[in-house]
Participant: 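Below: one structure in structure tokens.
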Amino acid sequence: MAEPLLQLSGVHTHIGPYHILHGVDFSIPASQLTVLLGRNGAGKTTTLRTIMGLWQASSGMIRFDGRDITKTSTPDIARAGIGYVPESMAIFTDLTVRENIVLAARSGPVEPARLDWMLGLFPALKRFWNLPAGNLSGGQKQMLAIARAIAEPRRLLLIDEPTKGLAPVMVRSMIEAFKALKASGETILLVEQNFYAASALGDNVIVMDDGRIVHSGAMREMVEDKTLQQRLLGLSLDAHQ
Amino acid sequence: MTEMAAGTTTSSEPLPRAKTDLLPLLIVPALALLALPFVGSGSTWVTLTVAGLAMGMMIFLMASGLTLVFGLMDIINFGHGVFISLGAYATLIILGPLAGWAQADSVWLNLGLLALCILAAMGVTGIVGAVFERIIVRPVYGSHLKQILVTMGGLIVAEQAIHAIWGASPIPIPLPETLRGAFIIGDVIMERYRVVAVGIGLIVFIGMQLLLNRTRIGLLIRAGVENPEMVEALGYRIRRLFVSVFVAGSALAGLGGVMWAFYRQTLTAGMGMEVMVLVFIVIIIGGLGSVGGCFVGSILVALVANYVGFIEPKLALISNILVMALVLIWRPQGLFPVARR
């Protein structure tokens with residue numbers, strides 16, 4: 001079996017006096033979309049921020065493409081090829097849509113073919129190209145945040161709750177965009193609370209609770225196993241379609 | 001350059017242009033026009049306006065670095081005043097050996113002297129700024145209270161160091177010959193030095209605007225003001241940017257110090273600290289982190305001070321505070337608020 005692209009082993013994270021992650025172990029295979037599920041406060045966002053080096057793991061190991069990045073600085077983690085879309089989207093509202101994309105392409109101008117591909121995924125961004133990103137709606141900001149993450153080739157995308165607070169029509173657009181990203185061979189770790197979206201996209205699923213991994217496996221198994229859904233998530237997929 | 005870098009996409013549909021918030025920009029001309037009937041004489045009004053613009057430019061030069069440091073690094077640097085004083089004193093490095101250039105009957109030697117003083121001041125304050133950031137500011141990132149206390153302490157130490165090096169007595173400095181006197185056009189009197197100050201202020205402002213809006217480093221600074229963490233997550237080492245901006249901010253304060261020193265023609269170690277209240281007022285009025293806001297705020301404050309000082313001198317002392325209060329009632333985040341997390 002090929003070595004996973006990302007591997008977390010016994011990762012603990014403390015934020016001030018709070019112990020948030022309690023020995024998190026999981027691995028992310030290349031060219032697949034893995035969904036990280038869990039209730040609010042389960043530690044999903046902390047996991048992504050710890051991988052990005054925005055919060056330092058207090059113990060354990062994070063390996064990316066065989067290299068230990070546990071103590072690596074955030075810019076170096078990004079330079080290693082990990083793109084990050086935070087829950088807050090964190091777009092630069094004073095910068096135009098174009099400037100947000102230009103800044104995200106750190107290694108140089110965006111290739112025209114990639115730009116066409118990005119704008120094909122998120123056509124709404126064209127209309128606001130030269131406007132400050134602060135003028136965008138919530139869904140459009142989310143699109144920009146993801147477009148920014150793929151402005152240049154990345155080896156892994158960490159995306160935190162991209163459908164949160166979006167209208168159903170926007171959620172469907174987002175799912176289509178992620179399907180296209182998957183089809184292009186991107187490796188994605190997607191934090192999601194919307195099980196409908198998660199099940200439509202995920203190859204694999206990891207479930208967290210109270211800072212620990214409580215389940216890890218194929219998404220198809222979870223979709224087919226209502227008892228597992230009830231036990232881990234307290235819901236069934238049918239109720240959320 | 002890709003199509004994107006050129007600001008276009010492959011779509012044939014027209015792209016909307018960015019809207020510009022013009023309202024705050026109209027305040028300055030509106031204020032000037034409003035003051036005209038109260039001043040009465042047109043020539044006096046022009047004289048007051050040019051003097052106000054010159055003062056505004058000097059305040060802008062002293063404040064622009066602080067607003068960037070404040071906006072990008074979230075550092076409340078009460079020690080900024082020391083870079084103004086130090087820049088002013090750095091003129092002595094040039095005025096010592098080249099004192100004759102100030103009296104020379106040559107425009108080029110006179111302006112060359114000013115240029116050398118500016119270069120020396122920016123060099124000295126830039127280097128001291130780098131040391132100040134490393135020793136005094138860096139240990140207190142993230143704690144405003146500690147920043148205030150520590151940078152105030154740094155200011156006191158640096159002022160005493162100036163006393164130790166150059167003495168505690170005020171030092172007179174000569175204004176280069178060409179910059180003395182005034183241009184007289186009809187009844188309008190415009191001091192030459194103030195006109196030069198307006199020119200230098202405009203050059204710096206235009207340079208900063210070009211840097212911030214037309215270059216990648218400018219994009220990074222603007223993005224870093226808004227969300228430094230996300231800038232790091234995109235792969236940029238923001239700490240280096242912080243240091244560069246702090247050094248540039250210190251150097252700009254040094255430049256402001258030179259202009260301020262030649263305006264007063266006297267050096268005192270406390271001259272930087274004396275203008276810090278004004279500096280803080282303009283960066284608050286302008287919107288923390290906004291260079292454009294700092295520019296408009298500086299001119300606004302200086303013009304109001306000049307007009308009020310002429311029309312109703314008793315109110316001159318409170319005019320700055322009054323302007324700040326009115327602006328903040330209208331726009332609590334300042335004239336050009338910069339978005340932050």
Side-chain angles (χ1 to χ4, degrees), chain A residues 48-49 52-54 73-86 88-116 118-120 123 125-135 145 148-149 151-152 154 158, chain B residues 1-21 71-72 142 212-242 287-293 333-334 336-341:
Chain A
L48 294 200
R49 289 180 63 85
M52 276 311 289
L54 294 165
S73 70
T74 299
D76 287 334
I77 290 171
R79 285 165 186 236
I82 301 183
Y84 176 53
V85 180
S88 65
M89 298 174 271
I91 61 162
F92 305 116
T93 55
D94 276 354
L95 271 56
T96 64
V97 170
R98 183 183 71 84
E99 288 172 332
N100 269 273
I101 300 289
V102 166
L103 197 63
R106 199 183 49 78
S107 53
V110 183
E111 292 168 13
R114 176 164 280 271
L115 180 63
D116 281 346
M118 282 162 48
L119 292 177
L125 295 181
K126 278 190 210 172
R127 287 173 41 224
F128 300 94
W129 194 241
N130 285 314
L131 289 181
N135 292 4
R148 196 174 55 180
E152 59 184 8
R154 313 272 186 201
L158 308 177
Chain B
M1 181 182 280
T2 66
E3 288 176 283
M4 189 183 71
T8 61
T9 72
T10 52
S11 168
S12 58
E13 62 188 286
L15 295 168
R17 302 302 305 169
K19 289 178 187 167
T20 308
D21 185 10
L72 179 67
L212 289 172
N213 294 304
R214 300 289 171 86
T215 66
R216 180 173 283 266
I217 191 90
L219 271 187
L220 268 174
I221 292 171
R222 287 162 59 209
V225 166
E226 192 172 339
N227 194 333
E229 184 179 277
M230 194 62 221
V231 171
E232 288 213 298
L234 290 175
Y236 296 98
R237 295 191 173 93
I238 195 114
R239 189 69 70 194
R240 289 184 189 170
L241 188 66
F242 279 3
L288 299 175
S290 165
V291 172
Q333 302 295 317
F336 296 94
V338 174
R340 286 192 70 87
R341 279 171 296 176

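Hydrogens, waters and symmetry mates play no part in the numbers below; they use all other heavy atoms, side chains included. The chains referred to below are lettered A, B, ... by the order of the sequence lines, with proteins before strands, and numbering in each begins at 1.
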Participant: Side-chain contact test, heavy atoms from C-beta onward, threshold under 4.5 Å: evaluate it for L125(A) versus M118(A) and give yes or no.
Facilitator: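 The answer is no; the side chains never approach within 4.5 Å.
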Participant: Checking D76(A) now: which residues fulfil side-chain contact (heavy atoms from CB on, under 4.5 Å) with it, not counting sequence neighbours?
Facilitator: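 In terms of side-chain contact (heavy atoms from CB on, under 4.5 Å), with neighbours along the sequence ignored, D76(A) is linked to T72(A), S73(A), R79(A), R237(B).
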Participant: Examine whether an atom of R49(A) lies under 4.5 Å from a heavy atom of chain B, and if so say whether it belongs to the side chain, the backbone or both; otherwise answer neither.
Facilitator: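 Interface part for R49(A): side chain.
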Participant: Shorter than 4.5 Å, heavy atoms on both sides: which option in E152(A), E99(A), M52(A) has the most such pairs with chain B?
Facilitator: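 The answer is E99(A).
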Participant: Is chain B contacted by the side chain of I77(A), its backbone, both, or neither, given a heavy-atom distance below 4.5 Å?
Facilitator: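 Neither part.
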Participant: Let me know if L54(A) has heavy atoms under 4.5 Å from chain B in its side chain, its backbone, both or neither.
Facilitator: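 Looking at L54(A), just its side chain touches chain B.
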Participant: For P337(B), does its backbone N or O pair with a side-chain atom of S290(B) as donor and acceptor, under 3.5 Å?
Facilitator: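 Between the backbone of P337(B) and the side chain of S290(B) there is no qualifying donor-acceptor contact (under 3.5 Å).
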Participant: Salt bridge (Lys or Arg N to Asp or Glu O under 4.0 Å) with R239(B): which residues, sequence neighbours excluded?
Facilitator: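 In terms of salt bridge (Lys or Arg N to Asp or Glu O under 4.0 Å), with neighbours along the sequence ignored, R239(B) is linked to no residue.
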